[in-house]
**Student:** 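Provided herewith is a single structure, encoded as structure tokens, for subsequent inquiry.
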Amino acid sequence: MLIAGEASGDLHASNLISSIRKLDPQAEFRFFGGDLMAKAARCRPEVHYEMMNVMGFSEVLRRLPRLLRNLKAAKQLVKDFRPDVLILVDYPSFNLKLAKYAHSLGVKVDYFISPKVWAWKEYRVRKIKKYVDNLYSILPFEVPFYQKHNYTVKYVGNPSVQEMDYALGHLPPRRHFVDRQGFSEPDKPIIALLPGSRKGEIRNNLPLMIAAARRFPEFQYVVAAAPAVPEKYYREIAQDPGLQVVFGATPTLLKYSRAAIVTSGTATLETALIGTPQVVCYRGNGSRLTYKLMEKLLKVKYVSLPNLIVGNSVVPELLLHLCTPAAVARELSPLLQNSPRREWQVSGYKTMRRRLGNSVASDYVAELIADSLGVPELPKPEPSAAEGDKENSDGEPVKKKKPSRRRKKKPQPNPQDSTQETDA
């Protein structure tokens with residue numbers, strides 16, 4: 001049983017389901033998630049993540065009855081289905097409550113993609129230690145953070161590495177891309193705008209991104225849209241009749257963009273893996289009071305993933321009231337031309353990529369889960385008749401080696417070079 005509460009969790013959980021199926025084709029799944037998980041599991045979600053995804057204190061209050069119903073339904077599913085393992089994917093406020101309930105029933109609880117307890121709400125580590133049997137990390141600096149709390153986690157690699165590598169290996173030519181998207185000026189260089197995956201993020205960040213990009217008339221700006229947000233919403237927020245919006249092609253857009261303005265989150269990591277220079281922003285409510293409060297709550301020096309992984313200011317971060325069109329344009333300007341600032345970012349990206357390693361996270365986690373549950377290794381295919389008749393140089397039949405009973409483990413990525421990265 002898996003629980004994912006947003007689009008990124010749906011993607012990562014769907015890959016994990018596919019990896020588990022390769023090891024155990026008879027595995028049966030129940031889940032809260034989205035369409036990608038449904039395709040991988042070959043069944044519909046019990047609750048779609050669109051009914052779970054909320055942002056901000058006021059929205060939580062408005063949707064509290066629905067959230068409570070979702071939690072009740074999840075608990076009932078755990079009780080009735082009694083999964084061999086409950087796999088939680090980020091989404092901590094909901095998932096840690098469910099972990100406590102599953103633990104009380106004796107159901108094994110694994111966590112794939114740790115909550116960001118190293119950034120805020122560090123007290124949640126106590127709940128993780130108490131209710132979670134195994135935590136699989138996708139960020140190398142989380143390993144030393146949890147070690148400080150006497151809790152062992154496994155760094156399994158970062159899913160975005162393989163996702164972006166795959167995208168880079170399947171890029172259409174630039175001309176085909178711009179023609180297919182119907183860009184009004186196909187030869188004009190591009191500034192990519194990534195305003196987030198939630199409507200609240202888009203509402204707060206897209207207008208200022210457009211205002212900053214307009215200061216560079218020699219460039220066109222193009223919005224990378226979230227899959228669950230309709231195009232109409234972007235146009236209503238932007239109030240820009242000629243707004244160019246791209247769905248389902250964010251890596252391609254980033255690759256063919258000179259630079260990007262990106263809302264803080266997983267998209268900053270994906271942009272760095274593509275290699276496109278970026279300015280990171282997060283407008284939120286934008287008040288000085290909120291910023292001061294955030295400074296007190298945050299336990300880390302940086303908020304964007306490239307900076308956290310490298311342990312240095314690779315990309316500029318403009319948060320809340322500091323995030324204005326003028327400030328974004330000031331940071332963006334040197335990235336649109338050949339400059340030391342642009343070279344600094346590209347060099348930092350290479351360091352980040354090395355530290356993330358090459359493990360396929362979903363495959364590694366699937367193997368660890370299968371081993372912990374005692375799932376038998378799939379039998380090796382029978383040798384062909386030709387192989388069975390092989391003889392050695394003396395004319396005697398070749399003795400075949402017995403297949404190993406142990407599942408071959410993938411080498412665990414080594415996060416040691418990132419132990420000094422943050423103040424977490």
Side-chain angles (χ1 to χ4, degrees), residues 4-11 14 33-39 44-45 47-63 66-67 70 167 172 176-186 188 190-217 219-254 256-257 260-268 270-271 278-279 281-286 323 325 328:
E6 54 191 3
S8 61
D10 179 43
L11 172 61
S14 69
D35 299 339
L36 296 176
M37 293 173 72
K39 182 177 180 181
R44 298 176 64 180
V47 173
H48 199 283
Y49 72 76
E50 290 178 355
M51 305 298 291
M52 304 168 66
N53 194 355
V54 296
M55 178 184 176
F57 183 72
S58 60
E59 190 174 359
V60 169
L61 284 180
R62 288 197 305 272
R63 300 193 179 184
R66 179 194 293 175
L67 296 175
N70 290 341
H176 292 177
F177 170 68
V178 297
D179 286 350
R180 189 181 309 140
Q181 297 296 334
F183 288 1
S184 56
E185 299 179 89
K188 199 171 186 179
I190 300 168
I191 298 172
L193 309 182
L194 281 67
S197 60
R198 301 180 179 95
K199 287 186 175 181
E201 290 175 330
I202 297 165
R203 182 175 60 250
N204 290 327
N205 291 285
L206 181 56
L208 76 90
M209 288 180 170
I210 291 174
R214 280 177 172 166
R215 299 187 179 212
F216 304 94
F219 290 83
Q220 60 181 319
Y221 53 88
V222 181
V223 176
V229 179
E231 182 175 346
K232 180 182 177 182
Y233 185 78
Y234 289 95
R235 299 198 179 282
E236 289 174 351
I237 295 299
Q239 293 297 299
D240 181 350
L243 186 68
Q244 298 180 127
V245 182
V246 167
F247 281 87
T250 298
T252 306
L253 173 63
L254 284 169
Y256 293 134
S257 296
I261 309 173
V262 187
T263 296
S264 180
T266 305
T268 64
E270 295 171 347
T271 302
Q278 63 183 302
V279 177
C281 65
Y282 193 88
R283 181 64 186 179
N285 293 324
C323 186
V328 172

**Student:** Can you sort out the partners of F183 under ring-ring contact (aromatic ring centres under 6.0 Å, His included), two or more places apart, ordered by chain and number?
**Tutor:**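 F183 satisfies ring-ring contact (aromatic ring centres under 6.0 Å, His included) with F177 only.
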
**Student:** Return the minimal non-hydrogen interatomic distance between T250 and A225, and the atom names on each side.
**Tutor:**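 Taking every non-hydrogen atom into account, OG1-O, 4.4 Å.
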
**Student:** What is the distance from atom NE2 of H48 to atom CE of M37, rounded to the nearest 0.5 Å?
**Tutor:** 10.0 Å

**Student:** Please list, chain by chain and in numerical order, all residues satisfying side chain to side chain contact (heavy atoms under 4.5 Å, CB included) with R44, sequence neighbours excluded.
**Tutor:**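 By the side chain to side chain contact (heavy atoms under 4.5 Å, CB included) rule, R44 matches no residue at all.
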
**Student:** Measure the CG-OG1 distance between L193 and T263 for me, rounded to the nearest 0.5 Å.
**Tutor:** 9.5 Å

**Student:** Can you name the side chain to side chain donor-acceptor pair (under 3.5 Å) partners of N70, sequence neighbours left out?
**Tutor:**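 If we apply the side chain to side chain donor-acceptor pair (under 3.5 Å) test to N70, skipping adjacent residues, there are no hits.
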
**Student:** Check whether N204 reaches the backbone of R283 with its side chain - one donor and one acceptor, N or O, closer than 3.5 Å.
**Tutor:**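 Side chain of N204 to backbone of R283, a donor-acceptor pair under 3.5 Å: no, none is there.
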
**Student:** With a 4.5 Å cut-off on side-chain heavy atoms, are V328 and C323 touching?
**Tutor:**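 With C-beta onward as the side chain, the pair touches.
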
**Student:** Could you list the residues that satisfy salt bridge (charged side-chain N to carboxylate O under 4.0 Å, His left out) with K39, not counting sequence neighbours?
**Tutor:**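 Partners of K39 by the salt bridge (charged side-chain N to carboxylate O under 4.0 Å, His left out) criterion come out as none, since no residue qualifies.
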
**Student:** Apply side chain to side chain contact (heavy atoms under 4.5 Å, CB included) to T268 and list each qualifying residue two or more places apart in sequence or on a separate chain.
**Tutor:**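 So T268 forms a side chain to side chain contact (heavy atoms under 4.5 Å, CB included) with V262, Q278, V280, S304, L305, P306.
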
**Student:** Could you report the tightest heavy-atom contact between P251 and A167, atom names first, then the distance?
**Tutor:** CB-CB, 3.5 Å

**Student:** May I ask you to test the C281-M209 pair for a side-chain heavy-atom distance under 4.5 Å?
**Tutor:** yes

**Student:** Among all residues two or more places apart in sequence or in another chain, which pass the side chain to side chain donor-acceptor pair (under 3.5 Å) test with Q181?
**Tutor:**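 So Q181 forms no side chain to side chain donor-acceptor pair (under 3.5 Å) with any residue.
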
**Student:** Tell me, please, which residues at least two apart from R180 pass salt bridge (charged side-chain N to carboxylate O under 4.0 Å, His left out).
**Tutor:** none

**Student:** About how many Å separate CD1 of I261 and CG of N205, when rounded to the nearest 0.5 Å?
**Tutor:** 10.5 Å

**Student:** Provide the closest heavy-atom pair for P186 versus D179 in the form atom of the first, atom of the second, distance.
**Tutor:**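 The answer is CB-OD1, 4.5 Å.
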
**Student:** Looking at P195 and A224, what are the two nearest heavy atoms and their distance?
**Tutor:** CD-O, 3.9 Å

**Student:** Can you see which heavy atom on P45 is nearest to which on A38, and at what distance?
**Tutor:**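 So the minimum-distance heavy-atom pair works out to CD-CB, 4.0 Å.
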
**Student:** Heavy-atom distance under 4.5 Å between the side chains of L243 and I210, does that happen here?
**Tutor:**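 Yes, close enough: below the 4.5 Å cut-off.
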
**Student:** Could you tell me which residues satisfy side chain to side chain contact (heavy atoms under 4.5 Å, CB included) with P207, sequence neighbours excluded, listed by chain and number?
**Tutor:** I237

**Student:** Among residues at least two apart in sequence or on other chains, which ones pass side chain to side chain donor-acceptor pair (under 3.5 Å) with Y221?
**Tutor:**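 By the side chain to side chain donor-acceptor pair (under 3.5 Å) rule, Y221 matches R214, D240.
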
**Student:** Taking V245's backbone N and O only, do any of them form a donor-acceptor pair with Y234's side chain (distance below 3.5 Å, no angle check)?
**Tutor:**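 The answer is no, because no donor-acceptor pair under 3.5 Å joins these two groups.
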
**Student:** Any idea which heavy atoms bring L206 and A238 closest together, and the distance?
**Tutor:**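 Answer, listing the atom of L206 first, then A238: CD2-CB, 4.2 Å.
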
**Student:** How would you list, by chain and number, every residue that makes a side chain to side chain contact (heavy atoms under 4.5 Å, CB included) with A192, sequence neighbours excluded?
**Tutor:**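 Scan of A192 (side chain to side chain contact (heavy atoms under 4.5 Å, CB included), adjacent residues dropped) gives L194, L253, L254, S257, A260.
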
**Student:** Working to the nearest 0.5 Å, report the span between OH of Y233 and CD of E236.
**Tutor:**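 Those atoms lie 8.5 Å apart.
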
**Student:** Suppose we screen for salt bridge (charged side-chain N to carboxylate O under 4.0 Å, His left out). Which residues come up paired with R215, at least two apart in sequence or across chains?
**Tutor:** none

**Student:** Donor-acceptor check, side chain of Q220 to backbone of E185, threshold 3.5 angstrom: yes or no?
**Tutor:**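 Yes; judged by distance alone, with no hydrogens or angles, the pair exists.
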
